[in-house]
Amino acid sequence: MDEADESLLEALLAGEHRALARVISKIENRSPGYRDLVSELYAHTGNADVIGITGSPGAGKSTLVDKLAEAYRERGETVGVIAIDPSSPFTGGAVLGDRIRMASTVGDMDVFVRSMSARGTLGGLSTATADAVKAMDAFGKDKIIIETVGAGQNEIDIVRTADTVAVLVPPGSGDDIQTLKAGILEIADVFVVNKADREGADRTVQELREMVHLGEESGLAGSAGHHGVDAMDGDDSSWGDADESDAEDDWTPPIVETVATKGTGVDTFIDELANHRTYLVDSGTHAEKVRQRYAEEIRTLLREDVHALLEDELADSGGIDELAEAVRQGETDPYSIATDVLAPVEACVENLAADADDSSAE
């Protein structure tokens with residue numbers, strides 16, 4: 001790491017918000033040296049409580065996050081907010097900018113709000129987002145809130161970054177409640193019916209209760225507290241495969257009613273988030289989730305690096321277009337090309353393994 005990055009890291013650890021903003025920009029832009037910088041952050045992480053807020057458009061996520069941050073500040077805790085916004089089709093940047101709707105905490109330097117572009121990634125969470133969370137954690141933020149674009153099976157990505165996931169459901173959702181069964185039940189640690197003063201709120205709460213009850217009977221809701229453990233191995237079939245003997249100890253997602261515009265129900269929401277945090281720690285689930293999260297990060301980085309290596313090998317072999325043309329002409333086939341491109345990589349790995357064996361033998 002060069003001197004400039006070392007100074008930037010020191011400034012971040014010293015609590016300078018300008019340095020935090022610069023580090024996140026460096027991470028998001030994947031600027032030279034960002035990996036060394038993120039590597040140094042890990043030793044200073046692990047203290048923040050990371051909360052994910054997701055839900056369908058119009059559910060009032062931004063308003064609730066604003067009130068949530070305000071309530072945490074009143075309790076003397078510092079807050080970092082990462083708002084995952086739709087990507088601009090022109091620049092790839094966040095369309096909604098710095099979230100002018102989060103007005104209650106404007107001017108409070110202990111509430112750091114950063115919009116980040118979804119960049120088209122699954123569930124609206126890019127690898128950069130997870131690294132930005134580490135920057136805020138190392139900075140010393142007590143609570144880090146991640147607000148995502150929407151809700152659906154794709155939002156499973158939020159599980160990899162947040163300790164507790166809250167799913168917002170607008171009142172009168174009707175058929176939307178049925179679609180939630182496809183994937184949201186498994187990732188929700190807390191359900192929030194926002195805009196609870198509107199018509200249809202009671203029905204929505206009842207439908208959610210029935211859904212959670214059915215999930216408990218089928219073993220889905222019982223696994224909600226453990227969603228970060230099984231889900232990150234990339235095997236969707238593991239969802240809901242909770243051990244029946246542990247059912248009594250599993251977390252059942254509570255349903256909280258809020259009116260974010262008035263701040264109603266926010267304290268109750270905070271209490272339920274705290275209850276889930278306590279559950280994670282006391283049950284040992286938190287440690288397991290963190291381990292699985294790091295395992296997935298390792299896999300992701302390896303995939304990215306191996307992909308880059310293979311792209312270089314493809315370029316050395318004439319480029320993908322030339323190889324594809326050779327297949328079209330019947331001169332070769334994709335399997336043979338893959339074997340040829342991987343051959344030098346495999347040889348390199350074998351040589352490294354052999355050197356390691358020789359070193360251990362000595």
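This chain uses plain numbering: 1 for the first residue, then up along the sequence.
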TODO: Grab the two heavy atoms, one from Ala196 and one from Ala201, that are nearest each other, plus how far apart they are.
DONE: O-CB, 3.3 Å
Task: Under 3.5 Å: donor-acceptor pair, side chain of Trp251, backbone of Asp189 - done: yes
Open item on the list: Is there a side-chain contact between Thr161 and Ile146 in this structure, where contact means two heavy atoms from C-beta onward sitting under 4.5 Å apart?
Closed with: yes
Task: Verify same cluster id: Val349, Leu309 (apolar side-chain graph, 4.5 Å) - done: no
- [ ] Would you indicate whether the side-chain heavy atoms of Tyr72 and Leu273 approach each other to under 4.5 Å?
- [x] yes
TODO: May I ask you to test the Phe191-Met211 pair for a side-chain heavy-atom distance under 4.5 Å?
DONE: yes
Open item on the list: What I'd like to find out is whether the side chain of Thr148 reaches to under 4.5 Å of the side chain of Ile53, using heavy atoms alone.
Closed with: no
Task: Presence of salt bridge, Asp137 and Lys143, under 4.0 angstrom - done: no
Open item on the list: Could you walk me through whether Glu325 and Glu322 satisfy the side chain to side chain contact (heavy atoms under 4.5 Å, CB included) test, starting with their C-alpha distance in whole Å, then the side-chain angles of each, then the deciding distance to 0.1 Å, before giving a yes or no?
Closed with: CA-CA 5 Å; Glu325 177 61 19; Glu322 185 175 324; 5.7 Å; no
Task: Worked check of salt bridge (charged side-chain N to carboxylate O under 4.0 Å, His left out) between Arg299 and Glu296 - done: CA-CA 5 Å; Arg299 293 190 188 99; Glu296 183 60 25; 3.4 Å; yes
For residues 256-269, run the donor-acceptor check on the side chains, cut-off 3.5 Å, and write out each pair with its distance to 0.1 Å, sequence neighbours left out.
unit_1	atom_1	unit_2	atom_2	d
Thr258	OG1	Asn194	OD1	2.8

Open item on the list: What I'd like to find out is whether the side chain of Val79 reaches to under 4.5 Å of the side chain of Phe112, using heavy atoms alone.
Closed with: no
- [ ] Check whether the side chains of Asp142 and Thr78 place a donor and an acceptor atom closer than 3.5 Å, and report yes or no.
- [x] yes
Open item on the list: With a 4.5 Å cut-off on side-chain heavy atoms, are His286 and Val290 touching?
Closed with: yes
Open item on the list: In this structure, would Tyr294 and Met136 fall into the same cluster of hydrophobic residues linked by side-chain contacts under 4.5 Å?
Closed with: yes
TODO: Determine, step by step, whether Thr63 and Val65 satisfy the side chain to side chain contact (heavy atoms under 4.5 Å, CB included) criterion, reporting the C-alpha distance in whole Å, the side-chain angles of both residues, the deciding distance to 0.1 Å, and the verdict.
DONE: CA-CA 5 Å; Thr63 304; Val65 168; over 6 Å; no
Task: Contacts of type side-chain contact (heavy atoms from CB on, under 4.5 Å), residue Ser7, not counting sequence neighbours - done: none
TODO: Check step by step if side chain to side chain contact (heavy atoms under 4.5 Å, CB included) holds for Thr54 and Leu168.
DONE: CA-CA 6 Å; Thr54 186; Leu168 269 65; over 6 Å; no
Open item on the list: Using a 3.5 Å distance criterion without hydrogens, assess whether the side chain of Asp333 forms a donor-acceptor pair with backbone atoms of Tyr335.
Closed with: yes
Task: Glu147 backbone acceptor or donor facing Lys61 side chain under 3.5 Å - done: no
TODO: Would you check if there is a donor-acceptor pair between the side chains of Ser25 and Arg114 at a distance under 3.5 Å?
DONE: yes
Open item on the list: With a sphere of 6.0 Å drawn around CG of Asp202, does it hold more than 12 non-hydrogen atoms of other residues, nucleotides or ligands?
Closed with: no
TODO: State yes or no: do Val306 and Leu301 share one hydrophobic cluster built from I, L, V, M, F, W and Y residues joined by side-chain heavy-atom distances below 4.5 Å, directly or via other members?
DONE: no
Task: Flag side-chain contact, heavy atom, 4.5 Å: Ile84 against Ile82 - done: yes
Task: Donor-acceptor contact present, side-chain Asp5 to main-chain Met1, <3.5 Å - done: no
Open item on the list: Working to the nearest 0.5 angstrom, can you tell me the gap between Glu346 CD and Asn351 CG?
Closed with: 12.0 Å
TODO: If you link ILVMFWY side chains whenever their heavy atoms are less than 4.5 Å apart, which other residues fall into the same cluster as Val281? By chain and number, please.
DONE: none
TODO: Applying side-chain hydrogen bond (donor to acceptor under 3.5 Å, both in side chains) between Thr300 and each of Glu297, Glu304, Arg303, report the one that passes.
DONE: Arg303
Task: Nearest heavy atoms of Ala59 and Pro170, plus distance in Å - done: CB-CD, 4.0 Å
- [ ] Taking only Lys NZ, Arg NE, NH1 and NH2, and the carboxylate oxygens of Asp or Glu, determine whether Lys289 and Asp163 approach each other closer than 4.0 Å.
- [x] no
Open item on the list: One thing to verify: whether Glu207 and Arg203 come together as a salt bridge, which I'm taking to mean a side-chain N less than 4.0 angstrom from a carboxylate O.
Closed with: yes
Task: Exceeds 12 heavy-atom contacts within 6.0 angstrom, atom CD of Gln329 - done: yes
Do any side-chain atoms of residues 11-24 form donor-acceptor pairs under 3.5 angstrom with protein atoms, and if so which ones, sequence neighbours left out?
unit_1	atom_1	unit_2	atom_2	d
His17	NE2	Met109	O	2.6
His17	NE2	Lys141	NZ	3.0

Open item on the list: I want to check something: taking the side chain as every heavy atom from C-beta on, are Leu9 and Leu41 in contact at a cut-off of under 4.5 Å?
Closed with: yes
- [ ] Please identify each residue that fulfils ring-ring contact (aromatic ring centres under 6.0 Å, His included) with His44, with sequence neighbours left out.
- [x] none
- [ ] List the steps, then state whether side chain to side chain contact (heavy atoms under 4.5 Å, CB included) holds for Leu280 with Thr164.
- [x] CA-CA 9 Å; Leu280 289 177; Thr164 300; 4.2 Å; yes
Open item on the list: With a 6.0 Å cut-off (strictly less than), is the heavy-atom count around CD of Glu331, excluding the residue itself, greater than 12?
Closed with: yes
Task: Arg30: partners by salt bridge (charged side-chain N to carboxylate O under 4.0 Å, His left out), with sequence neighbours left out - done: Asp131
